[in-house]
Amino acid sequence: ASIDRDGRLLVHRVPEGDLVGELTIPGLTAAAAIPGTDLIVAAREGEPDLGIWKLPEAVPAAEAASVPPVRTLGVGGGPVSLVAVPTQPADRLLTADTAGLVRLLDLGSGKELRQFAHGGEVSAVAVSPAGHRLATAGVGGLKLWNLADGTQIASHAGDPRLDDRSRNLQDGVTVLR
């Protein structure tokens, strides 16, 4: 899922790139598709709660802005700036607020399972394919976490693109030494 300049949420099928659907959600700041469903979880500007919308097959643009969420999740904390749905573990949701607190939630109940204090605004998160590790990146650098118990495993302060301890591979991935 991505947000275009006009505030429309666009959902594409990966890896084909086909547009699956679009939805206009007023004040949209972050969104993620829930794999294997036609549901979108999204955050709106200044709101700590998340909405879950069903992606319509065909709704005229004038009506799309009035489509209500099918469900709301009370996340708590500050306004949500990032939303991610990992493929593993299943039925989990990651959010980050503007203060840098990342939360792991149960997607079904909305219950908070764990918190990860990144220490500054988070711009990206990633979960390992097996679902055991969480990486957070943003103000203050990179951090690696054990997803099961919330312990921080490693960190790298600053911008790894400018640090001589990192090297760029031919495919553009930055790897820490």
Side-chain angles (χ1 to χ4, degrees), residues 1-4 7-12 14 23-55 67-160 174 176:
S2 62
I3 304 167
D4 73 5
R8 291 178 305 161
L9 175 69
L10 305 173
V11 180
H12 293 87
V14 177
L23 183 63
T24 301
I25 301 171
L28 185 66
T29 58
I34 300 173
T37 74
D38 59 352
L39 298 175
I40 302 295
V41 60
R44 292 181 276 186
E45 188 173 353
E47 294 186 22
D49 295 339
L50 299 174
I52 297 179
W53 279 264
K54 182 173 174 39
L55 190 64
V67 174
V70 294
R71 193 166 145 226
T72 301
L73 294 176
V75 178
V80 174
S81 59
L82 183 140
V83 177
V85 180
T87 55
Q88 290 294 327
D91 301 324
R92 298 293 187 253
L93 171 68
L94 290 161
T95 67
D97 65 24
T98 53
L101 187 61
V102 177
R103 291 177 170 86
L104 177 66
L105 306 172
D106 180 277
L107 191 53
S109 68
K111 179 182 175 189
E112 182 177 296
L113 303 173
R114 197 156 284 96
Q115 291 185 358
F116 307 88
H118 180 80
E121 189 167 1
V122 175
S123 57
V125 297
V127 176
S128 65
H132 300 294
R133 302 282 185 261
L134 167 67
T136 59
V139 174
L142 306 169
K143 294 187 179 179
L144 185 64
W145 309 86
N146 181 324
L147 203 55
D149 65 11
T151 57
Q152 185 177 319
I153 299 168
S155 67
H156 178 76
D159 186 341
T174 301
L176 301 178

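Hydrogens, waters and symmetry mates play no part in the numbers below; they use all other heavy atoms, side chains included.
Put simply, NE2 on H118 and OG1 on T136 are 4.5 Å apart, with the number rounded to the nearest 0.5 Å.
Nearest approach of N146 to I153, heavy atoms of both residues: N-CD1, 3.5 Å. Scanning both residues, A43 and V83, for their nearest heavy atoms gives CB-CG2, 4.2 Å. Of all non-hydrogen atoms in K143 and S155, the two that sit nearest each other are CG-CB, 4.0 Å. Of all heavy-atom pairs between V122 and S81, the closest is O-OG, 4.3 Å. When all heavy atoms of A32 and A84 are compared, the closest pair comes out as CB-CA, 4.2 Å. Smallest separation of non-hydrogen atoms from L147 and F116: CD1-CZ, 3.7 Å.
With contacts defined as side-chain heavy-atom distances shorter than 4.5 Å, the pair D49/L73 does not qualify. No side-chain heavy atom of T72 sits less than 4.5 Å from a side-chain heavy atom of I52. No side-chain heavy atom of L82 sits less than 4.5 Å from a side-chain heavy atom of T95.
Under the 3.5 Å distance criterion, the side-chain polar atoms of S123 are matched with a main-chain donor or acceptor of A137.
The salt bridge (charged side-chain N to carboxylate O under 4.0 Å, His left out) pairs that include a residue from residues 87-105 are R92-D106, D97-R103, R103-E112, where partners are two or more places apart or lie in different chains.
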